[in-house]
Amino acid sequence: MRYTRGFIPTIKEVPKEATNTSHVLLLRGGYVRQVGAGIYELLPLGLRVLHRIEGIVRDEMDRAGAQEVLMPALLPSEYFQETGRWDSFGDTLIRLKDRKGGEYNLGPTHEEIITDMVRRDVKSYRQMPLNLYQIQMKFRDEPRPRAGLLRCREFVMKDAYSFDIDEAGALTSYAQMRDAYHRIFKRLGLAYRIVAADSGAMGGSTSAEFQVLAQSGEDAIAACTKCDYAANIEVATAAFKADVAPDAAAMQASLKIHTPGAGGIEDVVKFIGKGLTPAHMLKSLVYTAGLRHVMVVVRGDHQVHELKLARLLKVDAVHLASDADVKSVTGASVGFAGPVGFKGDVFADHAVANVLNAVTGANESDHHLTNVNYGRDFKAELADLRTVAAGDACPECGAALDLYQGIEGGHIFILGTHYSAKMGATFLDEKGAEKPIIMGCYGIGVSRLIAAAIEQHHDENGITWPLAIAPYHVIVTPLGKEDAIREAAEKVYTSLLAAGVEVILDDRDERPGVKFKDADLLGIPLRITIGQKSLAQGKVELKKRTEKDAVLVDIDACAAAVRTLVTEAGAVLRGGSA
RNA sequence: CGGGGCGUAGCGCAGCCUGGUAGCGCGCACGGUUCGGGACCGUGAGGUCGGAGGUUCGAAUCCUCUCGCCCCGACCA
């Protein structure tokens with residue numbers, strides 16, 4: 001394409017609404033424009049990148065035996081009502097009415113529709129396994145859209161749905177999708193980790209997330225520095241010593257001490273001194289879960305993970321009890337609660353059981369107890385209740401865990417019969433028995449990956465696209481208006497087109513600096529610069545976006561050289577197949 | 001939903017406190033000089049100051065309401 005014919009409105013100044021890197025560069029590079037909060041339009045370059053990503057996803061989905069379908073975005077309310085999600089989805093569901101007053105919603109995800117599609121025509125075990133996928137817009141009224149393409153109200157998503165006759169078949173489908181996802185993320189050129197995940201409200205069991213590593217990620221993940229263990233912080237656990245309870249002989253007599261005004265862990269450590277560390281204290285918190293209050297005990301240097309607590313208590317959410325409730329339940333003001341003598345349910349993190357002669361609140365204002373030991377002085381239900389921290393021991397191998405930020409790029413999980421049972425999607429097995437179909441669901445946030453890729457691939461001058469998803473592979477930059485330069489540029493451009501690579505010719509009447517700045521901002525992986533000096537020797541400069549220096553190449557050989565680089569990177573050639 | 005910030009030319013901003021006929025930089029158009037990392041000089045076009053109502057002789061500026069956008073938090077299949 002010729003730059004002068006293109007619609008690539010780059011901007012020098014940083015748009016004020018953009019705060020994170022990918023958002024800034026997408027706007028500055030003329031890839032996207034904002035239409036409303038969480039609503040964007042893709043300009044030609046942005047759409048090309050989206051198509052590149054979609055192409056890789058389609059290729060791998062098809063290779064894994066899935067077939068593409070297109071589902072409606074406008075859904076009659078009966079579908080979501082059938083599974084109860086018309087209500088449970090809440091305000092996130094975008095609802096509308098037609099002229100006759102009929103109720104509809106825009107699809108935030110399509111389990112109901114695909115299940116309906118399948119239940120109409122799949123009646124026999126012979127018709128499975130089956131895997132259908134879609135790549136299309138999904139709509140969610142996010143409470144807070146943000147960060148450009150990373151969290152939108154309207155976004156392109158790939159969702160695949162598998163249908164199997166039994167658990168084993170579903171696990172096979174799941175494994176195939178997992179393998180396909182590994183190929184996809186590798187081909188996209190992204191650094192990622194597959195992590196254990198919470199299956200959330202989708203009603204699933206086995207599940208994993210594909211997290212694209214990036215500073216700006218919304219998700220925290222814990223990954224082992226030695227083995228393959230990696231998990232979303234929502235489910236990550238640290239190894240604990242279950243059978244190394246403190247030696248009873250080492251336990252000392254418990255004493256009540258006066259600690260006026262020293263409520264928090266740090267206050268007590270400072271007050272008592274004498275080498276006391278937070279790890280030798282027990283933090284006791286009162287939580288409200290539904291109608292009841294419970295006490296949760298973790299080591300002083302640990303944090304309670306409320307989601308884990310909520311799961312343990314089988315409630316949607318828990319929150320810290322009010323000061324008044326704490327007082328009425330423990331008899332002491334906030335900061336002096338403790339498990340010893342507490343009348344009520346006590347839940348403690350595993351690590352609590354290992355602390356010898358701990359210090360904790362006495363359930364009496366301005367007082368603490370010393371030498372408190374689990375088992376001897378109090379009992380509690382032990383569970384994994386804390387947030388994993390960097391340096392904790394890996395539950396698989398014991399090595400140190402490290403914490404990363406990640407952007408959820410994909411999520412795969414087995415749904416089981418959650419939808420099929422509710423919607424009567426059943427089949428007859430070989431014995432003629434009617435059974436619900438076992439389903440799985442596999443999503444990739446396609447438009448989000450455009451931004452995720454930039455979060456990972458950029459420098460101070462702009463984007464540095466991996467070849468596989470760049471809008472163009474190479475940009476030809478002639479310097480000067482002399483006939484010889486112009487003719488050489490045309491010749492190179494034509495030869496690149498003939499070689500099947502995606503090329504953009506910067507034929508603008510601009511000074512070199514402007515062309516270089518724009519080329520860097522756009523992030524085109526390869527640049528061929530045609531200047532007077534090298535051209536006199538029959539050569540042009542070939543430079544990688546990520547490298548500082550260019551190499552001189554014979555003008556007649558540059559197309560082949562570019563083609564080789566593109567092919568080696570696994571990028572798709574014009575009209576070619578992967 | 002709670003807290004904070006911002007809406008003035010295509011973009012980034014000043015002007016507002018202390019009312020008096022709207023300005024700067026970039027970009028854009030034209031002319032000239034330049035030409036290997038966002039050139040320079042000159043000329044010019046472009047704004048119902050987010051919207052509605054109010055106060056006033058007079059409102060970008062003061063008051064009320066409203067809409068939109070951004071950030072932090074809650075939330076996030």
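Each chain gets a letter, A, B and so on, in the order its sequence line appears, and its residues count up from 1.
Comparing Lys543(A) and Pro145(A) against RNA chain B, the residue whose closest nucleotide sits nearer the 5' end is Lys543(A).
For Arg527(A) and Glu547(A), the salt-bridge test fails: no basic side-chain N is under 4.0 Å from an acidic carboxylate O.
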Donor-acceptor pairs are to be reported for all side-chain atoms of residues 4-12 of chain A against protein atoms at under 3.5 Å, with residues two or more places apart or in another chain.
unit_1   : atom_1 : unit_2    : atom_2 : d
Thr4(A)  : OG1    : Asp507(A) : OD1    : 3.1
Thr4(A)  : OG1    : Asp507(A) : OD2    : 2.6
Thr10(A) : OG1    : Asp518(A) : OD1    : 3.1

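Partner assigned to G36(B) is none, using Watson-Crick or G-U wobble distances below 3.5 angstrom. Under the Watson-Crick or G-U wobble criterion, with both distances below 3.5 Å, C17(B) has no partner in any strand shown. Across all strands shown, C65(B) pairs with G51(B); the Watson-Crick or G-U wobble distances both stay below 3.5 Å. The partner of A60(B) cannot be assigned: no Watson-Crick or G-U wobble pair with both contacts below 3.5 Å exists in any strand. With a cut-off of 3.5 Å on both Watson-Crick or G-U wobble distances, the partner of G42(B) is given as C30(B). With both pairing distances under 3.5 Å, C1(B) is matched to G73(B) as a Watson-Crick or G-U wobble pair. Remark: C11(B) base-pairs with G25(B). Criterion, Watson-Crick or G-U wobble with two distances under 3.5 Å.
Closest contact between the side chain of Arg511(A) and the listed nucleotides G36(B), A39(B), G37(B) involves A39(B). Between G36(B), A39(B), C26(B), one nucleotide has an atom nearer to the side chain of Glu13(A) than all others, and that is C26(B). For Asp520(A), whose side chain is taken as the heavy atoms from C-beta onward, the closest listed nucleotide among C35(B), G37(B), C26(B) is G37(B). Across G38(B), C35(B), C71(B), the shortest atom-to-atom separation from the side chain of Pro512(A) is found for C35(B).
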Restricting to nitrogen or oxygen on both sides, can you table the protein-nucleotides 4-9 of chain B pairs closer than 3.5 Å?
unit_1 : atom_1 : unit_2   : atom_2 : d
C6(B)  : O2'    : Lys16(A) : NZ     : 2.9

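With 3.5 Å as the limit, one finds a donor-acceptor pair spanning the side chains of Tyr442(A) and Ser162(A).
The same atom, P, is picked in G53(B) and in A39(B); the two are 47 Å apart, to the nearest Å. C70(B) and U61(B) have their C1' atoms separated by 24 Å, with the value rounded to a whole Å. Taking the C1' atoms as reference points, C35(B) lies 49 Å from C17(B), given to the whole Å. Comparing G51(B) with U8(B), their P atoms sit 10 Å apart, to the nearest whole Å.
The base of G37(B) is not paired with the side chain of Asn461(A) by any donor and acceptor separated by under 3.5 Å. With hydrogens and angles left out, the side chain of Glu541(A) and the base of G36(B) share a donor-acceptor pair within 3.5 Å. Contact annotation: side chain of Arg527(A) to base of G37(B), donor-acceptor pair present below 3.5 Å. On a pure distance criterion of 3.5 Å, a polar donor-acceptor pair joins the side chain of Arg151(A) and the base of C76(B).
Among the protein residues, Gly480(A) comes within range of no part of the nucleic acid, since none of its heavy atoms lies under 4.0 Å from any strand.
The two residues Pro471(A) and Val49(A) have their closest heavy-atom pair at CD-CG2, 3.7 Å.
Looking only at side-chain heavy atoms (C-beta outward), Leu43(A) and Tyr31(A) stay at 4.5 Å or farther from each other.
The cationic group of Arg48(A) lies under 6.0 Å from the six-membered ring centre of Tyr472(A) and within 45° of the ring axis, placing it in a cation-pi geometry.
When rounded to the nearest whole Å, the span between NZ of Lys481(A) and P of A39(B) equals 14 Å. Protein atom CD of Glu17(A) is 14 Å distant from nucleotide atom P of C72(B), rounded to whole Å.
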* Asked: Does the side chain to side chain donor-acceptor pair (under 3.5 Å) test come out yes or no for Arg85(A) and Tyr419(A), once each step is laid out?
  -> CA-CA 11 Å; Arg85(A) 293 210 293 182; Tyr419(A) 293 91; 3.0 Å; yes

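Among the candidates Ile444(A), Ile56(A), Val57(A), the single residue satisfying the side-chain contact (heavy atoms from CB on, under 4.5 Å) test with Leu188(A) is Ile56(A). Ser22(A) pairs with exactly one of Val32(A), Ile463(A), Ile454(A) by the side-chain contact (heavy atoms from CB on, under 4.5 Å) rule, that one being Ile454(A).
The stretch residues 20-38 of chain A touches RNA chain B through Arg28(A), Gln34(A), Gly36(A), Ala37(A), each having a heavy atom under 4.0 angstrom from the strand.
Ring geometry, Tyr40(A) versus His23(A): the interplanar angle exceeds 60°, so the pair is classed perpendicular (tilted spans 30 to 60°).
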